[in-house]
Every structure is written in structure tokens, then in C-alpha cells.
Student: 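Please see the structure below; I have some questions.
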Amino acid sequence: AAGGGGMMDSRSAGTRAIVTGMDVTSSDALRTCHSIIFHYISKLLGEAGPSNQRLAEELVATCAASSDAKFLHSLYEHLLATNHAETALRIDSSSLEKWLLEEKKDVGLLWKYYSFHGRNVLAGDIMWKKALEAEEKVPLDHRIECLTRAANSFSSALQANHSGSNTRRLVEGGGGSSSGQGGITSQALQEQQVSVETLQTRISQIQEQLDVATIQKRVLTTITQSQDTNLESAKMDSLAFTLVNVSDIYNEYACPLNLFDVCLLVLETCRHKDANGILTLWKSIICEEVLPCQTSSESVVEFLTELKQGSMLGEEMIVYGEGDAGDTLPKFENGEWIPRLRNRVAALGKELFGKGADYTFPLDLIVRELEGLRQIYNNTRDEGHVSQPWPAQTVLDVGAPFYLLLESYDSLQMIENAAIGGVDVATRLQWLSSMTEFLELWVAAALSSYGISPMIGSNNLYGNGQGNSASSQLTRAISTGGLLQRIDVYKSSLECLVGGNAVTVALVEERFGRIEETIRKEFC
């Protein structure tokens, strides 16, 4: 092949120059032969058409059957270097597996190799090990990717081998021919047998690790985007390159840095029911969207002062009147805080509610504080201001069902009634007005179930069937929850409000009447 001083261009990536003339050795001739073979493999793989692909695979299969280790390693290297990794990894060979393990030491390629040949347990094992690697500086995103791949591999093993309900049955982890992967086959490889129960345990463990790692990534992103965290470099490195345990995320990062959302996510993930801590965190979240601020209303100062006393933001400023900071602080009365607060409550609520730890989204507290803010804001507006029931709609957007929200609004009435000596008539009237607005949302949503009116409010977390629709919930509240009797109680409460604004009382009473009339007409 090298005689006559001629030069043959193999056009093969990674192949050294071919020696010609009197200096040609047997090794040079062997490399040239290899280059010719690799050239035609690449040529066939690069050309379209099933016949060319079949010829290419047959040629690769023939080459893969060689007992020459050096030739095989050159073949593998050539296929990877010429962007034919999939073809290489479909070779079912202990030689290729050993080369990937000992020479390439590429976990990603080895995972793909095992996955190609249905050896999902081994694929999951190596990815899980890589995700938990403590000696190497592995970026957090890559660790999360490894955990995800490990979970997917174990799930594939479970799905491929799970038949029947015997959880003690042994799963065949690998072996067999890979002819279903394109016809390139060789020696069948075996792996350790694993029980279905073990696979299920591994998947559960990895999912828990993924949940925590996802929270960790959120902390890392928040800190990276912030300019004033002053986090020491060692802690930053741990956050960026290791899997931090959930306790450290909470105690070393989230709490000291006032990452209230993250604290709640940790409590939800760990199923830790710290009622007082959860209330404090939610008050802190609400305060964070409203404070600091300036206001011209004493009642606003009074409400916000009480709100922040139960939070972790007790030092935030509330400036009354045109103080020294009045020009720089946002004005409460402009209402710019409302959409921010709504978006944050809705986004966080969707992450917490309906996941098995609903206590991390305390409906009663959230409804009470949001409605309190709405009412105190409405008091600062002109008479022509049209109030919107945004607190109820925000909680409905989270996915809370109407019947639970009814209990929260009902609890507000009971609280006010219990404290009737210390709560002014105007406040009680406002709570009853809020109840009418919530019921109007519910009735409108229920009617939309029958295509009668536009949809207002939604509920998706507690089922998508008719049994959990707004109309079904309303029907149950009427038949078993005594909703009509409750409306009678609300109307009676209105009659007891001596000294209230007569026009407002009449309007609220009229709205209760329309709600009752619609319910009796459409749902009874």
C-alpha cells in the first residue's frame, strides 16, 4: 500500500501521517490498512440510504469481532472522533466496555453504552455515583443532570422488567443481544440482579435528592444574582460544586439570608410542620413585597406595624406623612405592591399547595392578611374606586378548592364575631362584603361549568373531573355543607350592624340576595 513512494490520503480524523519509502515499517503498514478501513466506514456512515447504512453496520460489526485490542481501540476512537458515537456505543462488546471504563473514563459515554444495551441498572448506578462524587469538583447543574439520568435509568429498569405485583421478584439487569439496537452485536454482558423493591427504593431516594438539589440551585441562583450577600467563598463553593444537605441549606443559607420562599420549600420537602415558623415566614413574605413604604394614612401605619411585628422584617421602615424618606420610598397608596404580592403568593403557592404538605400554605392566615391589606388600601382610595376581589382570586389561582376557601372566609366572620366588642362596625361590614365577592366568584365559576357564563376562578389540583369542578363543589356545599343556611347567618349579621354605612349595608344585603336567588334557581 505504501510502495513506490506514493502517498494515500485516508481522510481519517486522528490518524497519523503515513510513512513512505524505505522507512516504512510493519506498524506503518498496519496503520495505513486501518486508515483505509476507517475511511470507508466514515464514507458509508456519512452517505444516505438504507443500503449504505446496512453495509456500514456490517463493516463495523466485522471490525468489532477482531481480537486485536489496538485495532479495536483505534476503531472506537475513530468513531467517536468522527461524530459516530452512537454507532460505536451500539457495539455490544466487553472490550468496548473495558475501554470506556479504563481508557476514556467518560461517565456520560458509559451511561449511554449501558442504556443502549438495556443495562439500565448499571447505567443508573454509575450516574448516581457520579452525582454523589465527593472528591471531584462537579458543578451543581451537572450533579442534577446525573441524578436525573440515574432516576430515569432505574425507572426504565423497573418498567422494562416489572410484571405483576410481586415486589420481591428479581430483575434481570442486562445481558442478551442488542440486535434490536441496529444489528451490531457481540458478546452478551451480565450484571448483578436487583429486586424491584430495591429499584423502587433507589428511585425514591434519588427523587428526594433531586428535590433538595433543585432547592439548592434556587439558592445558588438567588445568591449569584444578588450583590450584597457577603457569603464567604468556602460556603459559595459548597453551594456551587457539592450536594448540600437540606439542614445546611435551611440553617446556613436560607435563614441567614432571609430566603423565606426557600425556607418554606425546605419545610414542604421535609414534611416538617412548624406552624409558628410557617406563619412567620408568610408574614415576612407579605411584608417584603409591601415594605418599606410611605403612607399618609394612620390606619395603614397601624395595620402594617402589626403585620411586621409577626415577621422577620420588624426593622423595615413605615414612614407616615412626608418624612425625610418620603421622596425615596414607594407610596402605599399607589398600589404598585399589589401585582408583585399577587404574583409571588401565587407562584410560591403553586409550589407548595397540593403536594402533601398543605400546612406550608396556611389559607386562613394568607386570606386574612391579603384581605386586610385590600381593605386598608381601599380606605385610602376615592369613593369612585371599584374594589377587586384579588385576594380570593390569587388563592384560587394557586389551585385551592372553593370549599376550603369558603372555610377560610367563614373563619374570618367567626373571628370578628368573637371579638365584636373590639372590632369596629366598618371592619365587620368589609369582611361580609368580601364574603359576597368570594361567593360571586364561586357561583360564576360554577355556572361556567355548564357554559352559562365566563370562567372566573379555577381549581386544578384536586382533580380535573366533574366531581371536583366549581359546580360540583358548590352543589356539595349546598346539599351537605349548609351553604344556604350560612348565607342566612351572614344576612342576619348585617342586620345586627348598628351604626354601619346604610348604603353599603343595603348593597351587601342585595348581593347576598342575588347570590341566594341564583343558587336556588340553578343548583337546587
Side-chain angles (χ1 to χ4, degrees), residues 1-2 8-16 18 26-127 149 153 156-157 160 172-192:
M8 177 175 291
D9 179 12
S10 70
R11 288 175 288 180
S12 174
T15 304
R16 289 178 290 177
I18 300 172
S26 58
S27 296
D28 296 328
L30 192 60
R31 282 198 301 274
T32 301
C33 292
H34 292 177
S35 298
I36 295 172
I37 295 171
F38 298 160
H39 163 70
Y40 282 105
I41 288 176
S42 295
K43 180 177 174 62
L44 289 169
L45 287 172
E47 294 178 352
S51 59
N52 287 334
Q53 293 300 308
R54 180 177 55 79
L55 288 173
E57 293 185 354
E58 289 177 357
L59 182 53
V60 172
T62 301
C63 292
S66 172
S67 60
D68 185 342
K70 290 184 178 180
F71 170 72
L72 290 174
H73 295 174
S74 297
L75 172 65
Y76 306 150
E77 195 70 68
H78 170 79
L79 289 171
L80 295 181
T82 54
N83 296 321
H84 294 111
E86 181 175 332
T87 300
L89 297 176
R90 280 163 49 200
I91 299 172
D92 187 358
S93 164
S94 58
S95 170
L96 174 57
E97 180 181 2
K98 184 177 180 181
W99 181 75
L100 291 171
L101 279 166
E102 299 177 2
E103 299 293 331
K104 295 302 288 183
K105 298 180 180 178
D106 188 320
V107 174
L109 286 175
L110 194 60
W111 173 76
K112 289 180 181 179
Y113 171 78
Y114 288 140
S115 298
F116 264 127
H117 299 286
R119 302 176 65 192
N120 294 303
V121 175
L122 272 177
D125 283 339
I126 61 169
M127 274 298 161
R149 286 180 169 182
S153 293
S156 295
E172 295 296 336
S177 166
S178 62
S179 57
Q181 299 288 345
I184 303 175
T185 62
S186 181
Q187 179 181 351
L189 302 177
Q190 301 293 328
E191 64 181 303
Q192 183 180 4

Student: Could you list the residues that satisfy side chain to side chain donor-acceptor pair (under 3.5 Å) with S95, not counting sequence neighbours?
Tutor: Y76
Student: Distance check, rounded to the nearest 0.5 Å: R54 atom CZ versus L59 atom CG?
Tutor: 12.5 Å
Student: Does K98 have any salt bridge (charged side-chain N to carboxylate O under 4.0 Å, His left out) partners at least two apart in sequence or in another chain, and if so, which?
Tutor: none
Student: Rounded to the nearest 0.5 Å, how far does OH of Y113 lie from CG of D106?
Tutor: 14.5 Å
Student: Give, for atom CG of D125 and atom CG of N120, the distance between the pair rounded to the nearest 0.5 Å.
Tutor: 11.0 Å
Student: Distance from L79 atom CG to L45 atom CG, nearest 0.5 Å?
Tutor: 7.0 Å
Student: Test of understanding: with side chain to side chain contact (heavy atoms under 4.5 Å, CB included), list the residues that count as partners of D68, not counting sequence neighbours.
Tutor: S66, K70, F71
Student: Side-chain contact test, heavy atoms from C-beta onward, threshold under 4.5 Å: evaluate it for Y114 versus E97 and give yes or no.
Tutor: yes
Student: If I compare all heavy atoms of R90 with all of H117, which pair ends up nearest, and what's the gap?
Tutor: O-CE1, 3.2 Å
Student: Rounded at 0.5 Å granularity, tell me how far CG in L122 sits from OG in S153.
Tutor: 10.0 Å
Student: With sequence neighbours left out, write down each residue that passes side chain to side chain donor-acceptor pair (under 3.5 Å) with K43, or none if nothing qualifies.
Tutor: E47
Student: Does a side-chain N-to-carboxylate-O contact under 4.0 Å join K112 and E86?
Tutor: no
Student: Any chance you could measure S93, atom OG, to L100, atom CG, to the nearest 0.5 Å?
Tutor: 9.5 Å
Student: Among V60, L80, I41, which residue satisfies the side chain to side chain contact (heavy atoms under 4.5 Å, CB included) criterion with T87?
Tutor: V60
Student: Say whether, by atom type as modelled, one donor and one acceptor occur between the side chain of H78 and the main chain of H73 under 3.5 angstrom.
Tutor: no
Student: Checking H84 now: which residues fulfil side chain to side chain donor-acceptor pair (under 3.5 Å) with it, not counting sequence neighbours?
Tutor: T82
Student: Indicate the atoms forming the closest heavy-atom contact of L75 with C63, along with that distance.
Tutor: CD2-CB, 3.8 Å
Student: Residues two or more places apart in sequence or in another chain: which of them pass side chain to side chain contact (heavy atoms under 4.5 Å, CB included) with E103?
Tutor: W99
